[in-house]
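Report on the structure given below.
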Amino acid sequence: MVQAYILIQTEVGKAATVAGQIAGITGVTQAEDVTGPYDVIVRAEANNVDELGKLVVAQIQAVEGITRTLTCPIVHI
């Protein structure tokens, strides 16, 4: 299992709507609108890195109102 945080920037005023839409995507375990340099922080999981990439590119980035994403895989050191 691969887990990651996905930091999202949105168009002005779209954070709550984007977080709500992303929360319903399979593989997303948490989606919160926040303050700071990013507008939404998502925690997601997938079986492998390829599936995680597909989740981000095909589903999360397809949500209207997103301008940029940064995916941060979780590592256990």
Going only through I, L, V, M, F, W and Y residues with side-chain contacts under 4.5 Å, is there a path from Val56 to Ile41?
no
Besides Val12, the hydrophobic cluster formed by Ile, Leu, Val, Met, Phe, Trp and Tyr side chains linked at under 4.5 Å, directly or via other members, contains none
For Thr10 and Asp39, the nearest pair of non-hydrogen atoms, with its separation, is N-OD2, 2.8 Å
Quick one: do Ile22 and Ile74 end up in the same hydrophobic cluster if we chain Ile, Leu, Val, Met, Phe, Trp and Tyr together by side-chain heavy atoms under 4.5 Å apart? no
Rounded to the nearest 0.5 Å, the SG atom of Cys72 sits from the CD1 atom of Ile6 at a distance of 9.0 Å
Here the pair of heavy atoms bringing Glu64 nearest to Val18 is O-CG2, 3.6 Å
Members sharing Ile77's hydrophobic cluster, built from side-chain contacts under 4.5 Å between Ile, Leu, Val, Met, Phe, Trp and Tyr, are Val75
Taken to the nearest 0.5 Å, the spacing of Met1 CE from Glu51 CD works out to 9.0 Å
Side-chain touch Val42/Tyr5, heavy atoms, less than 4.5 angstrom:
no
One should read off an interatomic distance between Leu55 CG and Asp50 CG, to the nearest 0.5 angstrom, of 12.5 Å
Handout entry: Stepwise side-chain contact (heavy atoms from CB on, under 4.5 Å) check, Thr17 with Val63
Key = CA-CA 10 Å; Thr17 302; Val63 173; over 6 Å; no
Shortest non-hydrogen pair, Ala19 vs Ala31, comes out as O-CB, 3.6 Å
Value for NZ (Lys54) from CD (Gln59), rounded to nearest 0.5 Å, stands at 11.0 Å
Output for pair (Asp33 CG, Lys14 NZ), nearest 0.5 Å, gives 14.0 Å
If we ignore angles and hydrogens, is there a donor and acceptor under 3.5 Å between the side chains of Thr69 and Gln61?
-> yes
So CD1 of Ile60 and CG of Leu52: to nearest 0.5 Å the spacing works out to 8.0 Å
(request) Indicate yes or no for a side-chain donor-acceptor contact from Thr67 to the backbone of Gln9 under 3.5 Å, with no hydrogens or angles considered. (result) yes
Nearest heavy-atom approach of Thr29 to Glu45 is CG2-CD, 3.7 Å
Nearest heavy-atom contact between Ala4 and Pro73 is CB-CA, 3.7 Å
Between Leu70 and Tyr38, the two heavy atoms sitting closest are CD2-OH, 3.5 Å
